[in-house]
Amino acid sequence: MKILSPATFTKHRILWAVLLLSTGLLITLVFSLSQGAVPLTVSEFWQAMLHKGDPIKQTIVWDLRLPRIVAALIVGAALGMSGALLQGMLRNSLADPFILGISAGAGLIVIVMIVLQVFPIAIPLAAWIGAILTSAIVILLGRAGSGISVERLILGGVAVSSLLGAVQTTLLLLAEDGQIQIALSWLVGSLNGRGWREISTAGPYILVALLGGWLLARSVNVLALGDDLAVGLGVSLTRSRLLIGGVATLLAAGAVSICGLIGFVGLVVPHGVRLIVGTDHRFVLPLSALAGAWLLTFADLLSRLGAVELPVGSVTALLGSPLFIWLLYRRSAGLNKL
């Protein structure tokens, strides 16, 4: 029996991961386009795809489901890679894209605009700007001397998120019932009604940030080795963390601006990818984007199969919470063995 070298074995695992994720994503896309409140048969689906048959079914596929699925793909890829970047930078497998206060900043801006009824058409762009500004504040709080302290960064994110979360709650108590419903759809995370306008606003930034994040794979690999070794290799810790944190923030903020606050994708996906292909971020980052796109598309499909459509953020929480508990248990068990 031929024994594979570690490098060859890892390469085979990566190829299998790409094949399985691509196949799963393709199958999920077909089901997402054909299934929902109005299920389509195979013949009806292909006729609608070819712009033939019932005009209503063509509208359902091309104008309602397709932009929603494209939004799920973009948002899932952004959250997956954002989580991988932050976990590699902070050397913490339990970190997620919202650790820099992105959710709190974006959510607060959205609630303010909804309660005050100020330019509701600009909510996606305002959410994106709010997330960026909040992350910048947290990064400033994380500065220690001439560098950035990981501990201060995490504590700053927790403090800012708690403060802005309290303000969100106060505003919701003062809002009217109709405004509360709209605000909750953003805070929970939903793809319902998302169209080409939201995609064209944040999509180009996300695509550029995805490419930029992949190009930062070497820097993430070096930071994952530890600060002392990274400095010994001639890497600027402050500059690298600012670049990685900035790209991760841009990805997560763009995702928030499209569909609101969706949790667990950035936490679960990178950890699962690393279990399969290892810790080399040259492969972890693009595969996290691919896996994130598949997971959110799959979650959106599940949210539309019931009698009542669920927010996709609730579905990802239901899927991710058990795995998060398992990760905590696995982490605690590993520490107890030391």
Side-chain angles (χ1 to χ4, degrees), residues 29 32-33 59 61-83 85 97-98 100-137 164 168 179 181-214 245-263 265-266 289-290 292-293 295-297 299-300 303 311-313 316:
L29 287 176
S32 295
L33 284 170
T59 301
V61 171
W62 286 97
D63 298 335
L64 298 179
R65 291 179 181 171
L66 183 60
R68 176 172 180 154
I69 292 170
V70 172
L73 291 172
I74 295 175
V75 170
L79 292 176
M81 182 175 285
S82 180
L85 287 169
F98 293 164
L100 296 180
I102 295 172
S103 59
L108 178 60
I109 294 295
V110 169
I111 290 178
V112 168
M113 295 187 68
I114 291 175
V115 171
L116 299 180
Q117 297 182 348
V118 179
F119 302 114
I121 195 172
I123 283 179
L125 180 60
W128 183 76
I129 295 174
I132 294 291
L133 292 177
T134 307
S135 299
I137 294 173
L164 298 184
Q168 291 178 18
Q179 296 171 343
Q181 187 65 31
I182 298 174
L184 287 178
S185 70
W186 271 90
L187 293 177
V188 176
S190 175
L191 288 166
N192 186 26
R194 300 305 187 265
W196 298 116
R197 180 173 63 85
E198 290 83 3
I199 296 172
S200 61
T201 300
Y205 300 99
I206 292 177
L207 294 177
V208 172
L210 286 171
L211 178 59
W214 193 6
V247 172
T249 299
L250 182 60
L251 287 169
V256 169
S257 70
I258 291 178
C259 60
L261 313 182
I262 296 179
V265 176
L290 181 60
L295 179 60
L296 195 59
T297 305
D300 180 57
S303 71
V312 69
T316 58

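Nothing here was measured: the structure is a model prediction, and the numbers come from that model.
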*If you look at every heavy atom in Ala255 and Ala78, which pair is closest and at what distance?*
CB-CB, 4.3 Å
*Picking from Ile199, Ile258, Leu29, Thr297, what satisfies side-chain contact (heavy atoms from CB on, under 4.5 Å) with Val70?*
Ile199
*Quick one: closest heavy-atom pair of Arg65 and Ser32, and the distance?*
CD-O, 3.7 Å
*Can you measure from CG (Leu251) to CD1 (Ile102) and round to the nearest 0.5 angstrom?*
9.0 Å
*May I have the step-by-step check of side-chain contact (heavy atoms from CB on, under 4.5 Å) for Thr134 and Ile109, ending in yes or no?*
CA-CA 10 Å; Thr134 307; Ile109 294 295; over 6 Å; no
*Ignoring hydrogens and geometry, is there a side-chain-to-backbone donor-acceptor pair from Ser257 to Gly254 under 3.5 Å?*
yes
*Could you grab the distance from atom CD1 of Ile74 to atom OH of Tyr205, nearest 0.5 Å is fine?*
14.0 Å
*Would you sort out whether Val75 and Val265 count as a side-chain contact (heavy atoms from CB on, under 4.5 Å), showing the intermediate values?*
CA-CA 10 Å; Val75 170; Val265 176; over 6 Å; no
*Pairs satisfying salt bridge (Lys or Arg N to Asp or Glu O under 4.0 Å), at least one member in residues 67-76, at least two apart*: Arg68-Asp300, Arg68-Glu309
*Do Leu66 and Val61 come within less than 4.5 Å of each other through their side chains, counting heavy atoms only?*
no
*CD1/Ile262 to CG/Leu296 distance, rounded to the nearest 0.5 angstrom?*
5.0 Å
*Could you check if a side-chain atom of Leu187 sits within less than 4.5 angstrom of a side-chain atom of Val110, using non-hydrogen atoms only?*
no
_Minimal non-hydrogen separation, Ala106 against Val256, with atom names_ = CB-CG1, 3.2 Å
*Nearest non-hydrogen partners of Leu164 and Ala104, listed with the distance*: CB-CB, 3.8 Å
*Rounded distance (nearest 0.5 Å) linking atom CD1 of Ile69 with atom CG of Leu64*: 10.5 Å
*Distance-minimising heavy-atom pair for Ala209 and Leu250*: CB-CD2, 3.7 Å
*Heavy-atom side-chain contact between Val247 and Trp214 under 4.5 Å*: no
*Working for side-chain contact (heavy atoms from CB on, under 4.5 Å), residues Thr316 and Leu295*: CA-CA 8 Å; Thr316 58; Leu295 179 60; 5.6 Å; no
_Where Pro97 and Ala252 come nearest, the two heavy atoms and their spacing_ = CB-CB, 3.7 Å
*Calculate, to the nearest 0.5 Å, the distance between atoms CG and OG belonging to Leu261 and Ser190 respectively.*
11.5 Å
